[in-house]
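As the structure is a prediction and not an experimental result, all values here were calculated from the model. In what follows, every chain begins at residue 1, and chains take the letters A, B, ... in the order their sequences are listed.
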Amino acid sequence: MSKKVLILVAWPYANGPRHIGHVAGFGVPSDIYARYMRMAGYNVLMVSGTDEHGTPIAMQAEKDDISPQVLVDKYNKQIVEDLYNLGLSYDLFTRTTTGNHTKVVQNVFLQLYKNGYIYKDTMSQAKEAGTGKTLPDRYIEGTCPKCGYFPARGDQCDNCGSQLDPTDLINPVSKNTGKSPIFADSVHFFLDLPALKEALTKWLKSRKNWRPNVLKYSLNIINDTKPRAITRDIDWGITIPLPNWRDESNKKLYVWFDAVVGYLSACIEWARRKGDAELWRQYWNDKNCQSDYFMGKDNIAFHSQIWPSQLLGYRGLGSKGGQTGAYGDLNLPTEVVSSEFLTMEGKKFTSSQGIVIYVKDILAKYPVDALRYYIAAAGPENNDTDFTWESFVQRNNSELVGSWGNLVNRTLNMVYKRFSQISQIDMSQLERNDTKLLSKIESVFPEVANLIESHKQQAGLSKIMKLVNDTNAYITATEPFKQDDFRARQILWVCIQAIYNINTMLAPYIPHSAQKVLLSLGVTNQKIPMPQIETVIDLDNSNRQYPIITGDYKLNDMAIKWQMTYLRGNSKIAKPEPIFQKIDPKIIEQELNGLINKKII
RNA sequence: CGCGGGGUGGAGCAGCUCGGUAGCUCGCCAGGCUCAUAACCUGGAGGUCGUAGGUUCAAAUCCUUCCCCCGCUACCA
């Protein structure tokens with residue numbers, strides 16, 4: 001049995017379509033990693049889904065005068081389509097409003113409760129005057145008691161940086177209505193983070209290979225750990241699974257408490273759909289299975305603190321002791337891979353002000369791999385990075401089309417025009433130039449593998465692109481178009497092998513084009529796996545259907561493997577058509593005008 | 001002293017953990033080639049690596065001072 005890896009990807013919030021900043025943060029990087037890991041022979045399980053509970057969705061549904069379920073159905077569908085169109089190869093992309101998820105979340109809650117890590121307490125809470133609806137801290141504004149700044153928010157003053165409680169504000173008002181909120185006591189359940197602090201700290205300190213900033217940040221915030229309310233006064237969410245609370249329609253579990261449990265519940269749903277309801281245990285209960293989480297940097301706290309705390313408490317490993325529940329000893333995260341942020345022509349993405357490029361819009365106009373390549377090459381892996389249309393066009397035209405696409409195209413043209421097929425040659429007769437290039441390519445396989453496994457995908461990609469340049473230089477140096485047939489066959493054979501193997505390494509980054517390259521090389525017994533959308537029936541509610549992303553990524557061994565491989569046989573090739581298209585630089589101005597018209601820049 | 005990240009040729013970045021000729025992509029200049037999507041290849045100009053000091057035979061890299069940018073406990077990823 002090959003080594004198992006769980007790839008757990010942040011759950012997009014279903015309150016609107018996703019923009020390219022979202023997918024640059026968690027989507028494309030996690031898919032590159034998953035595709036590589038499968039090619040390298042790991043047994044991968046990758047899951048995610050839409051996150052569909054919480055106040056913002058409830059409020060927006062009310063504004064749109066529809067039920068929250070109708071709202072999330074709409075955006076779930078759209079997000080599923082976006083991620084599918086990007087070719088993200090989830091084994092299961094589901095959602096948090098399923099019967100399965102609800103049950104798993106409630107089981108986790110009950111075990112935590114039983115072990116003593118969840119307790120009841122009273123807190124003062126702001127409510128909307130008139131409707132009596134709960135008002136989240138950030139929807140309250142007023143004058144800061146420390147510096148007099150207005151408008152300071154209920155949680156923090158932007159001017160002096162003070163941490164605030166809504167009750168501290170002078171003349172607090174609701175951002176929604178402008179009226180003063182009403183403060184009232186409310187009973188809630190709390191996750192006892194202090195009781196888990198020691199176990200959590202110990203665990204964090206054993207995470208030697210994490211990126212230093214993630215580790216530092218996590219250890220830092222742990223110092224002033226407080227119990228955290230995990231229920232809310234809201235009617236949209238998962239029911240509290242306790243007597244006297246089940247029927248309380250206005251108290252539900254806090255959205256973050258349920259969202260992170262999705263990582264587990266989605267694996268359970270995957271196993272149930274596979275027909276072996278216990279299959280997920282191979283990933284979650286096996287200590288040797290690693291679990292890698294992908295997210296934007298704003299989510300670090302939930303993955304390095306809240307979720308591990310829930311898991312530790314579930315297993316009874318905090319200061320209050322306890323026992324593990326029916327799910328057994330669930331693995332804590334091995335890696336928390338966080339991306340930085342993407343900005344848009346120098347501004348932060350903000351859908352409310354239209355500073356945004358939606359995934360569906362960009363994919364409607366430009367090839368999917370142009371976007372994937374851009375994100376892979378210039379995305380926010382280590383620093384915040386700025387998306388500009390100019391650099392998008394330039395990267396596509398110069399690197400993807402000019403270097404790589406042209407290499408494929410010029411080689412195939414020479415082969416087609418002169419021999420109309422890829423001819424076999426005797427490798428032992430190759431010249432030094434030839435073998436040098438081939439062994440160089442072979443040596444890059446393990447180098448890129450190391451880089452991707454240590455989450456340095458950009459460095460990996462630039463190593464591959466260096467090989468593209470080397471091969472272009474090789475053609476210039478050997479001048480196959482001036483050689484006799486014997487030598488020309490040799491050179492072109494070497495070029496074909498170079499292209500085939502470089503294409504293998506590019507496959508995790510730009511899978512759609514990798515498939516096209518395979519076809520134009522006449523390779524039909526290998527494929528690049530792609531996800532599918534399927535409509536399924538809720539396993540716990542036969543009246544309900546929803547779309548999922550899933551797929552067969554092994555393809556009965558037709559999937560391509562991460563290793564230097566020589567193409568054999570004399571495959572005929574068709575008249576080559578360019579695989580990569582240039583993007584007209586005029587679109588830079590057009591797209592920018594679009595933004596100017598919206599008065600954004 | 002709240003915490004953290006960053007300041008490297010015109011632009012965007014790598015290098016800094018483990019000090020030793022400053023590297024990549026784009027742009028610019030010159031040349032080459034013509035198989036290819038005016039593509040590709042070669043060479044060149046251009047940097048006192050934010051500032052001031054220290055350690056060292058040697059510092060972008062280690063230590064200290066100061067300056068400037070940017071995030072930060074909110075489901076805006």
Side-chain angles (χ1 to χ4, degrees), chain A residues 10-16 18-27 51-57 59-60 136-139 153-156 161-163 212-214 216-217 220-221 223-224 226 254-256 259 294-302 305 338-343 348-353 355-356 377-378 380-386 388 390-391 394-395 397-399 401-403 405-418 456 458-459 462-463 465-466 468-469 471-477 479-482 488 491-492 495 576-582:
Chain A
W11 290 50
Y13 197 57
N15 67 339
R18 294 301 87 181
H19 56 66
I20 59 172
H22 292 110
V23 297
F26 64 81
D51 177 10
E52 306 188 344
H53 293 127
T55 310
I57 281 173
M59 289 176 86
Q60 197 182 324
D137 293 352
R138 67 175 187 286
Y139 288 103
R153 292 163 309 173
D155 51 355
Q156 186 185 6
S162 307
Q163 305 295 310
N213 61 333
V214 175
K216 265 185 201 162
Y217 174 76
N220 198 16
I221 56 175
N223 283 329
D224 50 8
K226 284 180 285 202
Y254 174 42
V255 62
W256 261 113
F294 287 79
M295 72 211 69
K297 65 179 170 186
D298 57 324
N299 281 353
I300 294 173
F302 292 96
Q305 190 185 24
S338 80
S339 74
E340 305 293 307
F341 286 166
L342 191 68
T343 52
K348 218 170 162 185
F349 274 99
T350 311
S351 34
S352 58
Q353 287 168 43
I355 307 179
V356 69
E381 186 173 277
N382 293 307
N383 307 99
D384 288 359
T385 54
D386 191 34
T388 63
E390 191 184 352
S391 61
Q394 189 265 312
R395 291 256 178 199
N397 290 0
S398 155
E399 298 173 29
V401 182
S403 296
N406 182 52
L407 172 63
V408 175
N409 195 237
R410 68 195 297 211
T411 302
L412 287 174
N413 261 295
M414 282 188 274
V415 172
Y416 176 75
K417 283 184 183 161
R418 195 149 166 195
K456 293 174 184 163
Q458 272 171 22
S462 74
K463 266 200 188 301
M465 293 310 284
K466 187 78 179 42
V468 173
N469 295 339
T471 310
N472 271 321
Y474 167 82
I475 294 180
T476 301
E479 301 184 301
F481 39 86
K482 285 186 184 168
I491 294 167
L492 291 175
C495 291
E577 298 290 337
I579 291 170
F580 298 90
Q581 260 69 45
K582 285 205 170 185

Quiz item: If you check every side-chain atom of A:R410, which of B:C70, B:C40, B:U37 has the closest atom?
Solution: B:C40
Quiz item: Sub-3.5 Å donor-acceptor pair from the side chain of A:Y416 to the main-chain atoms of A:T411, do we have one?
Solution: no
Exercise. Provide the distance between the two C1' atoms, one in B:G9 and one in B:C24, to the nearest whole Å.
Key: 13 Å
Quiz prompt | C1'-based separation of B:G46 from B:C28 [nearest Å] | solution = 9 Å
Quiz prompt | Nearest-Å distance for atom pair CG/P, residues A:L407 and B:C40 | solution = 11 Å
Self-check item: Check: A:V408 main-chain N/O paired with A:R410 side-chain donor or acceptor under 3.5 Å
Solution: no
Quiz item: Closest heavy-atom contact between A:A378 and A:Q458?
Solution: C-NE2, 3.8 Å
Quiz item: When rounded to the nearest Å, what value does the distance between P atoms of B:A45 and B:A30 take?
Solution: 15 Å
Quiz item: What is the distance from CG of A:L492 to C1' of B:C35, rounded to the nearest Å?
Solution: 9 Å
Exercise. Assign A:G54 to base, sugar-phosphate, or nothing according to its heavy-atom contacts below 4.0 angstrom with the strands shown.
Key: nothing
Exercise. Give one of base, sugar-phosphate or nothing for A:G25, where a contact means two heavy atoms less than 4.0 Å apart.
Key: nothing
Quiz item: Where do A:C495 and A:Y474 come nearest, in terms of heavy atoms and distance?
Solution: SG-CE2, 3.8 Å
Quiz item: Mind checking the C1' distance from B:C49 to B:G15? Whole angstroms is fine.
Solution: 10 Å
Quiz item: If we take the C1' atom in both B:C76 and B:U8, what is their distance in whole Å?
Solution: 33 Å
Can you name the atoms? Protein N/O to nucleotides 4-6 of chain B N/O, anything below 3.5 Å, with the distance.
unit_1	atom_1	unit_2	atom_2	d
B:G5	OP1	A:K216	NZ	3.4

Exercise. Classify the nucleic acid contact of A:N409 as base, sugar-phosphate or nothing, counting any heavy atom under 4.0 Å across all strands shown.
Key: base
Self-check item: RNA chain B: 5'-proximal contact among A:Q458 and A:D298 (nearest heavy atom)
Solution: A:Q458
Practice problem: Give the minimum heavy-atom separation between A:W11 and A:D51, together with the two atoms involved. | Solution: O-CB, 3.8 Å
Quiz item: Which listed nucleotide (B:C70, B:U37, B:U42) is nearest to the side chain of A:D384?
Solution: B:C70
Practice problem: Could you tell me whether A:F26 contacts a base, only the sugar-phosphate backbone, or nothing, with contacts defined as non-hydrogen atoms closer than 4.0 Å? | Solution: nothing
Practice problem: Grab the CE-P distance between A:M59 and B:C76 for me, whole Å please. | Solution: 12 Å
Quiz item: If the P atom of B:A14 is compared with that of B:A58, how far apart are they to the nearest Å?
Solution: 30 Å
Exercise. Could you check how far CZ of A:F302 sits from P of B:C72, rounded to whole Å?
Key: 14 Å
Practice problem: Count the heavy atoms belonging to other residues, nucleotides or ligands that lie under 6.0 Å from CD of A:E479, then report whether that count exceeds 12. | Solution: yes
Quiz item: Which part of the nucleic acid, if any, lies within reach of A:Y416 when heavy atoms closer than 4.0 Å are counted: base, sugar-phosphate only, or nothing?
Solution: nothing
Quiz item: Which is true for A:A301 with a 4.0 Å heavy-atom rule: it touches a base, it touches only sugar-phosphate, or it touches nothing?
Solution: nothing
Quiz prompt | Whole-Å distance separating the CG atom of A:N299 from the P atom of B:C72 | solution = 13 Å
Quiz item: How many Å lie between CD1 on A:I57 and C1' on B:C76, as a whole number?
Solution: 14 Å
Got a list of protein N/O to nucleotides 15-17 of chain B N/O distances below 3.5 Å?
none

Quiz prompt | Protein-nucleotide distance (A:M295, atom CE; B:C72, atom P), rounded to Å | solution = 18 Å
Quiz item: side chain to side chain contact (heavy atoms under 4.5 Å, CB included) between A:L342 and A:H19: does it pass, once the steps are laid out?
Solution: CA-CA 10 Å; A:L342 191 68; A:H19 56 66; over 6 Å; no
Quiz item: What pair of heavy atoms forms the shortest contact from A:W256 to A:N299, and how long is it?
Solution: CZ2-OD1, 3.6 Å
Quiz item: Excluding sequence neighbours, so at least two apart, what forms side-chain contact (heavy atoms from CB on, under 4.5 Å) with A:V401?
Solution: A:N396, A:F580, A:K582
Quiz prompt | Listed partners of A:N409 passing side-chain contact (heavy atoms from CB on, under 4.5 Å), at least two apart | solution = A:N413, A:P576, A:P578
Exercise. Using a 3.5 Å limit on both pairing distances, list the dot-bracket string of RNA chain B from the 5' end; Watson-Crick and G-U wobble pairs count, crossing pairs take [ ], interstrand pairs take |.
Key: .(((((((.[[[[.)....(..]]]].(((((.......))))).....[.[[[..)....]]].])))))).....
Quiz prompt | Verdict with supporting geometry, A:I491 and A:F481, side chain to side chain contact (heavy atoms under 4.5 Å, CB included) | solution = CA-CA 10 Å; A:I491 294 167; A:F481 39 86; over 6 Å; no
Quiz item: Please walk me through it: do A:I475 and A:L407 pass side chain to side chain contact (heavy atoms under 4.5 Å, CB included)?
Solution: CA-CA 9 Å; A:I475 294 180; A:L407 172 63; 3.7 Å; yes
Quiz item: To the nearest Å, how far apart are A:N413 CG and B:C35 P?
Solution: 11 Å
Self-check item: Side-chain heavy-atom pair A:K297, A:D384 within 4.5 angstrom cut-off
Solution: yes
Self-check item: Contact state string [nucleotides 25-34 of chain B, B base, S sugar-phosphate only, - no protein heavy atom under 4.0 Å]
Solution: SS------SS
Quiz item: Taking for each residue the nucleotide of RNA chain B bearing the nearest heavy atom, is the 5' side occupied by A:D386 or by A:Y474?
Solution: A:D386
Exercise. Give A:R418 one of three labels, base, sugar-phosphate or nothing, depending on what nucleic acid heavy atoms sit under 4.0 Å from its own.
Key: nothing
Quiz prompt | Interatomic distance at C1', B:G4 relative to B:C57, whole Å | solution = 37 Å
Self-check item: Same-atom distance (P) from B:C66 to B:A52, integer angstrom
Solution: 15 Å
